[in-house]
Each structure stands twice: as structure tokens, then as C-alpha cells.
Amino acid sequence: MKILMRGLGLSIRFPANAGAWFGRRHIHAVRDVDFEVAQGETLAIIGESGCGKSTLVRAAIGLQPLDDGQVLWRGIDMAAAPPTVRQRFRRDIQMIFQDPAASFDPRMSIQDSVAAPLAVHEPECPPTERRQRVVGVLERVGLDPILGHRLPHQLSGGQCQRAAIARALILSPALIVCDEPLASLDVSIQAQIVNLLLDLQRSEGLTLLLVSHNLPVVRRMAHRVMVMHLGEVVETGPAAEIFARPRHPYTRALIAAVPEPDPAAPHPAILPGEMPSPLALPKGCAFASRCPQADKDCRRAAPALDRTAGTHQVACFKA
Amino acid sequence: MTEPLLDIDGLSVVFPGRHGPIRAVDDLSLTVKPGEVLGIAGESGSGKSQLLLAIMGLLAETSWAEGNIRLDGADLGPMTPGRRRRWRAERLAMVFQDASSALNPYLTIGRQLTEQPMRARSLSRAQADRLAVQALERVRVTEAKRRLGQYPHELSGGTRQRVMIAMALLAKPKLLLADEPTTALDVTVQAEILEILRELAHDNGTALILVTHDLGVVAHLCERVAIMYAGRIVETGPASQLFSLPAHPYSRALLAAMPRLTDDLTAPLRAISGQPPDLAAGEHGSCAFAPRCPSRMARCTVRRPEMRRLSLDHHAACFLHEEVAR
Amino acid sequence: MSVLLRSRTTVPAEGVESGLWQRLKRQKGAMIGLRILVLVALIVVFGPFLSPHGLDQVFWDRIEMPPDFAAGFYFGTDDNGRDLFVRTMLGGRISLAVGIAAALVSLAIGTVYGAISGLIGGRVDALMMRLVDILYALPFMFFVILLAVFFGRSLVLIFVAIGAVEWLDTARITRGQAIALSKRDFVDAARSYGAGRLTILRRHILPHLLGPVVVFATLTVPRVILLESFLSFLGLGVQEPMTSWGALIADGARLVESAPWMLAFPGGFLVVTLLAFNALGDGVREALDPRGGS
């Protein structure tokens, strides 16, 4: 298995009181995170809002500067690479966003937006070929090319997300980062997009880095899962194992809180207690205030991710 | 049988459109009994939010409502505007999707919670504060007293939504309307909000209409469910029946399209083909779901199916059930 | 319209150019304003040809005379015996020319400055904006008097003085817009596929700034005309025998009791022009608002 992208010791901080001249405080959005994505697989990152999952993938694609650590693409440090090399990497990594309509310039037609990455990376591509490739890629995502003449607001949410996938595909990338690709879509459309992404992965050997809070979808799409809590990875492992035998109490709580569309199923489980403020993280385990199993040890020291434990790793004293 | 608390008959919400009026809610009838928990589920453009706004009397100025709404035994139509507003205020309260924009950022939680009871029941500040603390404790807000002095931005999203529910409770409504109350929240917080709403309905006998796109939320909170599509109810019935034996092809497809943690991963998700209905296109002579329906028949595109009774409290608007009902 | 009905609304596209003129045509006030402006422009350009008199031609027998159509003094004469009609027309040319030209120059400078500042951000942005603050803090009159002392009174002076002040507002407004735009998803999307800063500025930022800038232009022109009038009123503006509406109003105000027409005609033109510009600006703003006009 070939590792495409690897993150090593990634840390990202945000100033909590930007603009203050003295006494600046920081929110540690991502704290010492390692990850790797192998060719052809889907790595899903899950966790509550504010856990740093979106920030992490934005850093992976270069939209967010790192405070510490490095992202290796096919073994080469992206930040240290010369601009021409980095620009070539940019072709290989594409992204689709949560709100597909907002990710298109409202003044540009869909086909112009879909062709825009070509204009950046292959400016020598003749207009006729460019048009052909746009039509081809629109057809591949199941969008009638005639819709390419429309403006983003003239498409439905599902059509827009298909167009966004088309724009990501036009340079034939190796990896697509999907930041909550379903969150703003209707249920009936979500299933279409899930199936489309799965089909594309199968036919083109795409690698996906998926951020989602929709656990049933993650279970369906991901090969491996990484669970984040307040900027840290608390559990990572093969998807089947994470869902069948979650070992971190936080992962268990996340799974138990999903309401199944079946009145006969057990009610979603409540996770009591308050999440600590990211500005005042406790000395011990950050999940201790909400953890049913937490004891003195958990509040005294923070458990580290057991990085020697093979494919299924967990950061918990009780696991 | 007791008289329904809310009785909606032939309600339409109409917006002016470029190609004629757009009916966001189209000739819809619905009843809610006292203390009943009704879930209204639908996708974008189904008109579910406009229906709530019409009940609340909060429709946009560009739109208008047609049809009758009876609330607590009185027809709202013939009332004077002032009386209608008071009648609603004494019986209805609403919880919005986005608590952070529904709360005033410049006032403390305490001020916002006590404003209504102090005015409506002419209480002193101390009495109102006591009530507010009680209400916050009911919705499981920790350190309720301290919260009164805090501002909305100092609270987490889940706590803000609980404050919204507490505020709605203080008005002592007979019917609580909740528009996607958990959509903006994490699942870990959502579960508790659902639990709180369930308790309220159970303990106070407050009726609840929950509008959501999430069938999972409906399944765990509601006794009765109405599924909306393109401004109309296509199926309504007890949750237990509707989820186990959905009668309308749209309800079936919607349930099948929802990924579950118990899914068999070897089978693909059964997506609904096509796009959500475009109300502006205005096809009133046919079933709105027909273009996407797997069981479409010739008559579906010519006529619109009427609501049919399938069993005691289970109705669906589909030609598949027309013969059965006769 | 159906966008309004969705429970989770998508962002509507803002002002698509093709529809802009159509939507503007539906704005009654704006169209009246536009017609008035065209009319005023035609009058001040071609008006002087209707009168046989010159700009600085003095009629010693007709000092401070009220309008007299038979003799061709449509607006009367001033206290130096010059034909007020011709002077009002020629003053209008100066006022409109200075107004439009100074507004355009200040808008161009301000837009580019603001967009660059907002897009680059960080320290460069802070530095550029502090410079704007410093220029803001300079008292306008002090600045103008200083210029007048060094360079003497001239049209160029008015031009420089007004331009130096007006671009500051534009820069601040466009910077705010550019910052807001650069945080939008579609700009992130462009960054994610490797578009450079210049591409983003050219393709995604400047076209979106066009709308607000056009609106701002229609509001800046009348402000500049007013500023010019103000300077001329104080005697710092155009030099005799050249004139402008502001200078004429200054003369008229001095003699309002004995010769009210000297204030009424240039003042009337100024007021009508300003109102027309404001009406047009309001209309353009409405037409550009994506939520307006279905």
C-alpha cells in the first residue's frame, strides 16, 4: 500500500483575541496530529464541531498555514518544496466544500467555474479541447452539460455539488478532500452524492480525505476513521473495527448519539457534562469532564495516543 | 373525542412569482390534539417551515395565507389583528433553528428570559428571576443562577438552544412549534435536547409540532408523523406504522435513502433519482412526486391523488392505495 | 424566488450584469434622475450657443438687472453686468467636469488601493490603512489652504485637493468588501486549485467590487460637486473670469437681497443635479441588490 499523504506532528493555533497588542491567547485548534492516507482509500475524520477536523484538512491542502509539523505529499514536504513543484502538487489534490453553491463564483457560469482549474494549470489548452473536457467531466458526474451554461444559483443543491465534484475531477487528481460534502444537501440527494463518490473512487482509483459528522455515511464510505476531540486524535483505526468495537469512550458516545430512523431502536444516548473551553484546556484528559469512566488518573495526566498499537490506536487509560 | 387544539383546513401560503403565484404550502389540512407530539418531515422546498410560520403568524410580507386556522376552539380568520396576536401569544411559542440569531446579543440571558413573564403576568424582577432559574433548571442548564447574568455569546450552542426552549416555556404555551431545533447542533448535544422536548410534552401536556428534515429525530420524539412534499402532506400516520410500513412511495424512498449504522454495506444506498420539486414550475394537475416515483402510473401525471384513509389514523395521497381504500 | 422558500437557503447571485439595466429601468426614481442628468448635461453643453453674449462680456448699462427675455438676458445679469445665463451654463460645465473627473480618479485609486490592502492582509494591510487614517486626520481646509499658498488658485488645485480626500472613503469601503470576499468559499475554492493572488484579484474580487463601486460613484460625484462649490464659495476655487456653480452661489448669496436671481438660478441647477445623482445612486443600489426585483 502506497502512502500518498502523510501529516507529521501537525499543530495549528488561532489567536483568540486577534488585534490585542498584549496578552494574546491562542486556541489550539489542532494539537500534534499525525495522519496518513494510502492510495485509493478513504480516510474519514469525525468529531464534534470545533474539534479541528476542518482546520486539519484545510492545512493538508495548503489553505491554512501550519504552526508546527509538516505535510508530506508522496514523501516530499509541501511547504519546503519550490513553487513549481508545489504548483504540480496542487493539481493532484483537489477539494470540495460543504456549501456547494457558495463554492462557486456567483457571477461565473458553471462551465467557466469547472474549467477554471484548467486555465490555471494548463493555460496552453486550446478552447475546443477545454470545452470537450468540461463536457466530459460534467457527464461523468451525471450532470447534463446543458446545465453548464447556468449560474450557480440556478442549480439545485445536489446539481451544484455534482458540478463541484466535476471541477475537482477535471485535472484528474489523486486525492480529493471532501469537507462535509453532504451537510447542506437534502436526504434524497445525499444518497446520490454518496453513491457518485463511491463509484468515482472505484472507477478512477481516487483517494478521499473525508470530513463528516454523519456517522452512517462515514461507515459506508471510509476505509479508515480518525476520531478527533478538541484538536487531538483520540482514536484511529479501520472503519469496520471502529464502528463494531469502538474503544475510546468518546467514540462510543458519538456512535450511541446517532438517532436511527426507527422508533423501535434505542433512543440516542445523552452525553452529559460540558466540553471544556478550548482556551482553558484541563491538565488531564480533555474528555474527562464528559466521560462516564473518568477517574482521578484521567484528570491528573492526559493519555497519549498509543502509536505502537498497530492499526487501531486509542488515547485512553481505560481502553 | 376531544376537540383538536389546532385545526388547519385548506391552508395555502402563496408567494408572487414571475410565472404566476407560487404555492409554498398548497391546500393543506392538519389537526393537532392537546398534548400531541407531531413531527413534520420534508426536504427543502416542501413548505414545512412556511407552514410553521403561517401558524405562528410570522409569514413574510410578500406572501399571504389562504384557508382556515382554528386554534384552541376559535377561528383566527375573523379576529381583529390585535386580538389574533394576543390569542396566539397566549397559546403558542416557537423555538428556532439558529438560537444564536434568535437571541439578542446585547441583552443578558436573564433580561431576555424575564421580559415576557414580567410584562404578561406583571411580576416583580425577583419573582421573574426565580421563574427564569426554574425554567433553566427544567431544561437542564447547569449553574442556572449564574447564567442569568451571562450574554448569549458566552454560552455553547447547546446551552443557547436550551435557553430558547426555557424562554418558550415561560410563556406557558399550549402548543410549542420547533423549527429544526437540533439541526445546528452536534449529535452529542442533539440527544439531550430531544430528551428535554420529550419530557416537556410528557410532563406538561404541551403539544409540540417539530419540523425537521431528519427522520431520525422524528422517529425518537414524535407520536404522529406527517411527510410533506412540494407544499402538501403526502402521508400521515402514527410513527410506529409510518416507519415500519410507509405507504407513500416518497416516504418509502426517503426511508430507504437514509444511511443507517445497521446498514448492510454490500448493497448500495438507494438514492432517489431526480431533483427536488421546483415550485415555480407550478404543475398543479399531477402528483408532484411523479417525475421521481418508481411506481409511477399513467394517471399520476394527469391527476393529483387525493388523501385516502388506509387505517384508523394512517392516510396517504397516492393512487397505489386508491383501490385498497375502496 | 423559490430560493426564499427553501428552509436552507442558498446564497443568491448578486447582480448579474445582463439583468442590471433591466432592473434599473424598473426603478422609477433612478430613471427620472438619469433623464434629468442627461437634460442638465445637454443644457450646460449647448446652452451657451443660444445666447449671443460672452462669458466675461460686461454690459455697463445692465448691472444687476433681473431676467429680461426680450434682450436675451434669460437669467438676468450680475453685479458686474455680465450675463448670468452664460455664466451659469459655463459654471455648470466646470462643476460637472470637476465632479465626474475627480470622482472617477478618486474611485480608481481607492478601489485598487483598498482591494490590494484587503486581499494581502496582515502587516501590509495594517500599514496601508494607517496611512489612510493619517490622511483622514489632516484637516481638509488646512490642507487646501496649504496647497493654495504653494501653488496658487487653479482648477488643478481643486482637483488634487478633492481627489486626495475622496479616495480615502473608497479605499476603506473596498477594503472591507475585499476582505469579506476573500473569506468566501469560492475564493477558497480558487486557492485550493492553485489560482494565484493576481488571478483571484482579477477574476473573483474586482468583478464583485464593481457593483458597490458603481453605487459609490453616483454618490461621490455630487459630493465632489458640493466640495468644489464649497471651495469656490470660500474663494479658494476657480479663478475669475472662469466660474463654477459654487462661485456663482457665493456671489449670489452676498447679494441675495438686492438680486435674488443671482442665487436662484445657479442654486436651482445645483440642487436639481444633486438630487438627480442621489436618486440615480439609490436606484443603482436597489438594482444591484440580489434580493430586489424578484
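Each chain gets a letter, A, B and so on, in the order its sequence line appears, and its residues count up from 1. Atoms considered below: every heavy atom in the structure, side chains included; atoms not considered: hydrogens, waters and symmetry mates.
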Using a 3.5 Å distance criterion without hydrogens, assess whether the side chain of C:Glu228 forms a donor-acceptor pair with backbone atoms of C:Gly99. no
When A:Val120, A:Val177, A:Asp105 are compared by non-hydrogen pairs under 4.5 Å with chain C, the top option: A:Asp105
Check: A:Ile110 main-chain N/O paired with A:Ser113 side-chain donor or acceptor under 3.5 Å: no
Polar side-chain atom of A:Gln190 near backbone of A:Leu185 as donor-acceptor pair, under 3.5 Å: yes
dist C:Leu226:CG -> C:Leu274:CG (nearest 0.5 Å) comes out at 5.0 Å
Side chain, backbone, both or neither: which part of A:Phe97 has a heavy atom under 4.5 Å from chain C? side chain
Sort A:Ala119 into side chain, backbone, both or neither according to what part of it lies under 4.5 angstrom from a heavy atom of chain C. side chain
Is there any residue in residues 72-92 of chain A with a non-hydrogen atom under 4.5 Å from a non-hydrogen atom of chain C, and which ones are they? A:Gln87, A:Arg90
Among side-chain atoms of A:Glu48 and A:His213, is any donor-acceptor pair under 3.5 angstrom? no
Does any heavy atom of chain C fall under 4.5 Å from the side chain of A:Ile93, the backbone, both, or neither of them? backbone
So how far is it from C:Arg184 CZ to C:His204 NE2, rounded to the nearest 0.5 Å? 12.0 Å
Backbone N/O of A:Leu206 and side chain of A:Gln201: donor-acceptor pair under 3.5 Å: yes
If every non-hydrogen atom of A:Ile193 is compared with every non-hydrogen atom of A:Gly158, which pair is closest and at what distance? CD1-O, 4.0 Å
So C:Thr111 and C:Phe216, do their side chains get closer than 4.5 Å, heavy atoms only? no
Are any side-chain N or O atoms of C:Ser192 and backbone N or O atoms of C:Ala189, one a donor and one an acceptor, separated by less than 3.5 Å? yes
How many angstroms lie between atom CG of C:Leu127 and atom OG of C:Ser117, to the nearest 0.5 angstrom? 9.5 Å
Neighbourhood of chain C inside residues 61-71 of chain A, taking heavy atoms under 4.5 Å as contact: A:Ile61, A:Leu63
